[in-house]
Structure formats: structure tokens, C-alpha cells
Amino acid sequence: EWTTWLILLLAYLFGAIPAGAWVARYYGVDIQKVGSGNTGATNILRTLGAGPAALVAVFDVFKGGIAVLLARLFNIEGPLLGGVALAAVLGHNYSVFLRFTGGKGVATSFGTLLFLDPLVALLTFPVGVLTMWLTRFVSAGSMIGGLTAVVVTIALGRPLWEILTLLVLAGLIFWTHRENIKRLQAGNERRLGDKASNSE
Ligand code: G3P
């Protein structure tokens with residue numbers, strides 16, 4: 001019914017708020033034209049530094065979280081709640097404010113997971129961060145994190161709709177990181193701490 005579509009549309013619009021692109025624009029930078037070209041906190045970090053990156057990371061997590069939290073307050077649960085999480089992440093990745101381009105959906109996925117299943121979020125977070133820390137590749141940590149969430153959800157015996165939601169979220173993370181995967185294979189992926197010098 002129409003309320004379902006309205007809820008999904010609102011979640012999409014929350015996710016679509018392009019914090020990274022707008023913060024960078026405030027600094028006079030087109031973030032989609034520097035570094036990796038991504039709108040996420042990782043590219044903001046290598047382009048504008050830690051302060052703006054923290055702001056973008058917090059906002060991108062928050063917008064995913066608020067979408068699922070609001071849905072819960074309206075007593076939405078089960079598959080539709082999974083749909084809300086997906087809609088928020090799709091909004092971030094394919095934002096109406098950026099001609100249907102956007103980010104890679106890692107922070108926003110994590111935000112939705114925080115309110116979808118806090119325990120899974122809590123168990124997944126250290127694995128992703130540790131991978132980033134050890135490899136110095138944020139992309140690798142993101143993909144390992146996505147996979148970990150699926151494994152943890154299955155291991156905890158969560159309902160099928162939740163497993164499928166996390167499977168799609170992880171699939172989206174791999175899809176949006178396809179250029180990163182090529183760079184990792186080619187050995188020229190940017191390391192955490194590298195400054196943005198070249199654009200592509
Ligand atoms: O969240 C995105 C991160 O995993 C990779 O970002 O800019 O290195 O492509 P980037």
C-alpha cells in the first residue's frame with residue numbers, strides 16, 4: 001500500500017543527503033573529481049583532512065541509523081525494516097542530489113545495522129576496523145566488514161529477512177568497490193594516510 005512506498009521513499013531521501021559532496025563543496029572542492037572520486041569519509045580524509053572526514057562519517061552513519069530508528073518507532077519490522085535499510089543505502093549510493101551517483105554505502109550500511117541489529121553491528125565493527133588497521137586499506141576493511149556481518153547474522157540464527165538484507169548490503173558494498181578491487185589486485189590501491197594527489 002501507499003504508506004509502504006512513502007516510508008521507503010523517505011528512507012531513500014534520508015540516505016540521498018550527500019554530506020560528503022556538500023561538505024567538500026563548502027571547501028571549494030568537487031569531491032567526485034579528486035582522489036578516488038568517492039563521496040565518502042575515506043576520500044574526504046585524504047582530500048580535506050580528519051575534521052571534515054569525521055563530520056562526513058558521523059553524518060553518513062547517522063542518516064542510515066535515523067531511517068531505521070524512525071521506521072522502528074512507527075512499528076515497522078521484518079522484511080519492510082530490511083527494505084528501509086536498503087532504501088537508505090541505495091539513496092546514499094545513487095543519490096537524486098548527485099544525478100544518481102554517490103558513495104559506496106559503508107558508513108550508511110553500518111548506521112542501518114546499528115538499529116537493525118546492534119549486536120551484529122558490535123561484533124562486526126572491530127573486524128572491519130582491524131582489517132583497515134592491519135592492511136591500511138579502508139576498502140578491504142569495508143568488504144571484510146560486509147562479509148562478517150552476513151556470517152555473524154547466520155551464526156546467531158537471525159531470521160531469513162535479516163540475513164537476506166545483510167547479504168544484499170554486503171553485495172552492494174562489493175559492487176560499489178569494484179574499482180577498488182581492481183586496484184587491490186593491481187597493487188595500486190590507496191593506503192590509509194595517503195594524501196589525494198592524483199584524480200581519475
Ligand atoms: O567507504 C569507502 C571506502 O571503503 C573506500 O573509499 O575513497 O578509498 O574508494 P575509497
Side-chain angles (χ1 to χ4, degrees), residues 14-25 27 29-65 67 85-86 88-95 97-98 100-114 121 124-150 166 168-200:
F14 265 120
I17 302 169
W22 285 351
V23 166
R25 195 178 298 169
Y27 286 88
V29 171
D30 182 350
I31 196 64
Q32 296 189 289
K33 292 212 166 75
V34 291
S36 68
N38 194 41
T39 61
T42 307
N43 202 35
I44 296 283
L45 175 68
R46 65 170 75 93
T47 306
L48 297 171
L55 180 68
V56 170
V58 168
F59 190 87
D60 284 348
V61 171
F62 171 82
K63 71 188 185 184
L86 290 177
V89 173
L90 287 173
H92 177 80
N93 293 358
Y94 309 99
S95 169
F97 303 111
L98 297 175
F100 298 99
T101 66
K104 298 181 181 175
V106 178
T108 304
S109 295
F110 183 71
T112 68
L113 186 58
L114 273 174
T124 299
F125 187 74
V127 178
V129 169
L130 197 68
T131 309
M132 289 174 195
W133 189 255
L134 292 176
T135 63
R136 316 299 282 176
F137 295 128
V138 178
S139 53
S142 299
M143 289 185 278
I144 296 289
L147 274 184
T148 303
V150 175
L166 288 180
V168 175
L169 287 176
L172 279 170
I173 287 178
F174 275 80
W175 172 248
T176 55
H177 283 78
R178 56 200 183 279
E179 295 300 326
N180 300 80
I181 294 170
K182 280 187 205 157
R183 285 195 292 270
L184 285 166
Q185 286 171 334
N188 56 10
E189 173 68 322
R190 296 170 179 82
R191 302 256 180 192
L192 192 58
D194 288 354
K195 295 269 167 283
S197 45
N198 54 322
S199 61
E200 49 187 60

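Hydrogens, waters and symmetry mates are skipped; everything else that's a heavy atom, side chains included, is used. Just follow the structure's listing: the first ligand is 1, and inside any ligand the first atom is 1. We count residues from 1, following the sequence as given.
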Review point. To which of R191, E179, H177, K104 does the heavy atom nearest atom 4 (O) of ligand 1 belong?
Key: H177
Check your understanding: Taking only heavy atoms of N43, which atoms of ligand 1 are found under 4.0 Å from at least one of them?
Key -> 7 (O)
Practice item. Write out the residue and atom name of the closest protein heavy atom to atom 7 (O) of ligand 1, then the distance separating them to 0.1 Å. Key: S36 OG, 2.5 Å
Study note, to complete from the structure: One finds that the ligand 1 atoms under 4.0 Å from a non-hydrogen atom of R46 are 7 (O), 8 (O), 10 (P)
Check your understanding: Is a donor on one side and an acceptor on the other found under 3.5 Å between the side chain of T112 and the backbone of S109?
Key -> yes
Review point. Any idea which atoms of ligand 1 are less than 4.0 Å away from a heavy-atom of V106?
Key: 1 (O)
Review point. Distance-only, no hydrogens or angles: does the T124 side chain make a donor-acceptor pair with backbone N or O of G145 under 3.5 Å?
Key: no
Check your understanding: Hey, which atoms in ligand 1 end up nearer than 4.0 Å to a heavy atom of S139?
Key -> 4 (O)
Review point. Should you measure from each heavy atom of T42, which atoms of ligand 1 turn up under 4.0 Å away?
Key: 3 (C), 6 (O), 8 (O)
Practice item. Number the atoms of ligand 1 from 1 as they appear, then name those within less than 4.0 Å of a heavy atom of V138, with their elements. Key: 3 (C), 4 (O)
Exercise for review: May I ask you to decide if G141's main-chain N or O and T131's side chain share a donor-acceptor pair within less than 3.5 Å?
Suggested key: no
Check your understanding: Is Y94 atom OH crowded by more than 12 heavy atoms from other residues, nucleotides or ligands, each under 6.0 Å away?
Key -> yes
Practice item. Check N180 against S139 and note the closest heavy-atom contact, atom names and distance. Key: ND2-CB, 3.6 Å
Point to revise | Verdict with reasoning, V127 to L147, per side-chain contact (heavy atoms from CB on, under 4.5 Å) | key: CA-CA 10 Å; V127 178; L147 274 184; over 6 Å; no
